[in-house]
Amino acid sequence: MKTIRMCITAFILCAAALACNASDPSGVWKFEFEGAQGRKLESTLTLKLDGSQLSGTIDNRGGKVEISDAKFEGDQVSFNVVHKIRLRKFTTSYSGRLDGDTIKGTVSTKGRDGQMKSRDWEAKRSAE
């Protein structure tokens, strides 16, 4: 009976350790979306979870930018990216659900008309 309990405990501990690793957003993520005039824009998101602190960068044809206000709670990822174009500054907010090697969610930003615009996004974990 003691051996069975020890085996069950070991199994539960191993399963918990695997679950913790599976829900870590750290790594390199690739995604693309349709930009102006229907062009595909490719981006690379690099995330690092250190304890409860999430940080990272996003890199695309506009250059590499640090993310801000990054959070990871449960399976939810969220962060902001502040872009500067000429004299204008605008913030893009990303949120999504981590499921294995995929993050699916929405991207929101304020349009030129001042209205919030949202679109879906999906990032895949890269082997890099």
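Quantities reported herein were computed from a predicted structural model and do not represent experimental measurements.
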Where is the tightest heavy-atom contact between [X] and [Y], given as atom of each residue plus distance?
| X | Y | answer |
| --- | --- | --- |
| T91 | T109 | O-OG1, 3.1 Å |
| I58 | S43 | CG1-CB, 4.4 Å |
| S26 | L49 | OG-N, 2.8 Å |
| R125 | D101 | NE-OD1, 2.7 Å |

Pairwise side-chain hydrogen bond (donor to acceptor under 3.5 Å, both in side chains) hits with a residue in residues 64-74, at least two apart: D69-N80
Sequence neighbours excluded - side-chain hydrogen bond (donor to acceptor under 3.5 Å, both in side chains) pairs with any residue from residues 45-54: none
With sequence neighbours excluded, tell me which residues meet side-chain hydrogen bond (donor to acceptor under 3.5 Å, both in side chains) with S95. T106
Side chains of [X] and [Y]: closer than 4.5 Å at any heavy-atom pair?
| X | Y | value |
| --- | --- | --- |
| T57 | D59 | no |
| L47 | L54 | yes |
| F31 | V107 | no |
| V28 | T44 | yes |

Which distance, rounded to the nearest 0.5 Å, do you find between the OG of S23 and the CG of D75? 8.5 Å
How long is the straight-line distance from CH2 of W121 back to OG1 of T92, given to the nearest 0.5 Å? 11.5 Å
Partners of D120 by salt bridge (charged side-chain N to carboxylate O under 4.0 Å, His left out), sequence neighbours excluded? none
Going by side chain to side chain contact (heavy atoms under 4.5 Å, CB included), name the residues that satisfy it together with E122, two or more places apart in sequence or in a different chain. T102, K104, K124
In this structure, are over 12 heavy atoms from other groups packed under 6.0 Å from Q76 atom CD? yes
Quick note, ring pair (Phe, Tyr, Trp, His ring centres under 6.0 Å) partners involving residues 61-80, not counting sequence neighbours, are F79-Y94
Can you hop from L41 to V82 via hydrophobic side chains spaced under 4.5 Å? no
